[in-house]
Number of protein chains: 2
Amino acid sequence: MGAKLNLDKLDLQIISEMMEDAQISYADLGKKLFVSGGTIHVRIKKLQEHGIVKGTKLNVDLKALGYDITAFVGIFLEKSSLYDTVAKDLRKIPEIVRLNYTTGNYSMFIEVVCKDINQLRFVLHDALQKIKGIERTETFISLDESFNRKVEVVQDVA
Amino acid sequence: MGAKLNLDKLDLQIISEMMEDAQISYADLGKKLFVSGGTIHVRIKKLQEHGIVKGTKLNVDLKALGYDITAFVGIFLEKSSLYDTVAKDLRKIPEIVRLNYTTGNYSMFIEVVCKDINQLRFVLHDALQKIKGIERTETFISLDESFNRKVEVVQDVA
DNA sequence: ATTGAAAGAGTCTCAGT
DNA sequence: ACTGAGACTCTTTCAAT
């Protein structure tokens with residue numbers, strides 16, 4: 001971590017490729033980007049040392065595992081000073097996978113992933129309502145996810 | 001892909017572990033879960049063949065790359081039948097990383113990732129306004145992301 | 001289905017450029 | 001800073017259980 005770091009085009013190309021497929025071998029990725037596998041290795045090591053690359057994660061089809069339902073919930077707080085304590089309580093609910101403190105209409109914004117409508121109802125009506133400091137909530141259930149991708153880190157993609 | 005598949009506790013434990021760190025070796029993961037590396041290999045192969053595991057992705061610190069700003073935008077459509085054509089246009093904007101069709105207040109809901117406020121302003125005022133069929137939008141800029149995690153696939157985590 | 005061992009492939013290090 | 005080769009580790013296959 002830390003220190004200033006200049007990333008060149010090769011670094012960004014490596015990140016871009018591996019954001020989609022982290023299993024590609026250094027040799028193959030080197031071929032694709034016209035450098036040796038050793039160079040890929042050195043660059044990735046540098047990116048890891050600087051905390052830009054933090055590891056790899058398994059890409060799991062949550063729908064296939066039965067997690068069919070995604071909902072977004074805007075939360076109004078009684079007082080915005082309650083953010084920290086409410087955040088702590090929200091973190092304890094495993095179905096809540098993301099929490100953001102936001103400008104605009106809502107004080108905070110969460111994403112909920114569930115296996116069925118009953119589980120979602122439980123989270124929204126039982127779990128959330130038990131938390132002190134939440135004034136009210138507005139729920140948006142996702143009927144379809146058109147896309148969910150990573151931001152482009154290089155302009156001219158391979 | 002396809003076919004019915006029963007996942008046992010070991011399958012879910014493997015998924016759970018590798019969702020956080022996909023680089024762990026089969027031997028090490030086997031030790032952790034009290035089976036051989038060969039068994040881990042067979043299970044992962046099965047999960048891949050059934051489309052539950054779709055590969056691995058690089059875990060990149062986007063903030064370190066300069067992508068500091070995340071915003072959520074609720075979109076009101078003139079007619080909900082315009083969803084498909086608007087979705088197609090939204091997909092062309094690289095800063096828009098996610099699009100969901102939702103119930104509730106908004107017709108659709110997007111997530112935008114940018115390097116600075118100017119880039120966000122460009123997306124919101126120029127890019128979005130050019131798209132036919134959008135009536136109006138409501139923006140929520142994330143001031144802080146308290147957490148962003150995966151759903152729990154096993155109750156008793158290691 | 002799980003195991004352990006052998007074969008094959010990939011990573012990592014390092015001396016040379 | 002990049003390369004290629006050698007040492008090492010991991011994946012993959014397979015015969016045995």
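In what follows, chains carry the letters A, B, and so on, assigned in the order in which the sequence lines appear, proteins first and then strands, with residues in each chain numbered from 1. Keep in mind that this is a model prediction, so the values were computed, not measured.
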Taking atom C1' of D:dT11 as reference, at what distance in whole Å does atom CD1 of B:I14 sit? 15 Å
Taking only residues two or more places apart in sequence or in another chain, which ones pass side-chain hydrogen bond (donor to acceptor under 3.5 Å, both in side chains) with A:N148? A:E145
For residues 114-131 of chain A, dump all side-chain donor-acceptor pairs below 3.5 Å to protein atoms at least two apart in sequence or in another chain.
| unit_1 | atom_1 | unit_2 | atom_2 | d |
| --- | --- | --- | --- | --- |
| A:D116 | OD1 | A:N118 | N | 3.1 |
| A:D116 | OD1 | A:Q119 | N | 2.9 |
| A:N118 | OD1 | A:R121 | NH2 | 2.4 |
| A:Q119 | OE1 | A:K115 | N | 2.7 |
| A:Q119 | NE2 | A:E95 | OE2 | 2.9 |
| A:Q129 | NE2 | A:L124 | O | 3.1 |

Span of DNA chain C in contact with chain A (heavy atoms, under 4.0 Å): C:dG10 to C:dT13
By side-chain hydrogen bond (donor to acceptor under 3.5 Å, both in side chains), which residues pair with B:N59, not counting sequence neighbours? none
Residue pairs fulfilling side chain to side chain donor-acceptor pair (under 3.5 Å) with at least one residue in residues 75-88 of chain B, sequence neighbours excluded: A:S146-B:Y83
Distance in angstrom units between B:I44 CD1 and D:dT12 C1', rounded: 12 Å
Within this structure, what is the CD1-to-P distance between A:I40 and D:dC2, rounded to whole angstrom? 10 Å
Mind checking what makes side-chain hydrogen bond (donor to acceptor under 3.5 Å, both in side chains) contact with A:K92, not counting sequence neighbours? A:D89
Which ring pair (Phe, Tyr, Trp, His ring centres under 6.0 Å) pairs, counting each pair once, include a residue from residues 51-70 of chain A, with sequence neighbours left out? none
Every protein N/O within reach of nucleotides 3-6 of chain D N/O, cut-off under 3.5 Å:
| unit_1 | atom_1 | unit_2 | atom_2 | d |
| --- | --- | --- | --- | --- |
| D:dT3 | OP2 | A:S36 | N | 2.7 |
| D:dT3 | OP2 | A:S36 | OG | 3.1 |
| D:dT3 | OP2 | A:T39 | OG1 | 2.7 |

Atom-pair distance (NE2 on B:H41; P on D:dT12), nearest Å: 4 Å
Please report, rounded to the nearest Å, how far the P atom of D:dT12 is from the NZ atom of B:K46. 17 Å
Residues joined to B:V42 in its hydrophobic cluster, side chain to side chain under 4.5 Å directly or through other members, sorted by chain and number, are none
Non-neighbouring partners of B:F72 that pass ring pair (Phe, Tyr, Trp, His ring centres under 6.0 Å), sequence neighbours left out: A:F109
Please work out which residues in residues 18-30 of chain B have a non-hydrogen atom less than 4.0 Å from an atom of DNA chain C and list them by number. none
For B:T137 and B:V73, indicate whether the former's side chain and the latter's backbone hold a donor-acceptor pair under 3.5 Å. no
Check against side chain to side chain contact (heavy atoms under 4.5 Å, CB included), A:R43 and A:V35: CA-CA 11 Å; A:R43 296 302 188 102; A:V35 292; over 6 Å; no
Residue pairs passing the ring pair (Phe, Tyr, Trp, His ring centres under 6.0 Å) test where at least one lies in residues 17-37 of chain A, sequence neighbours excluded: A:Y26-A:H41
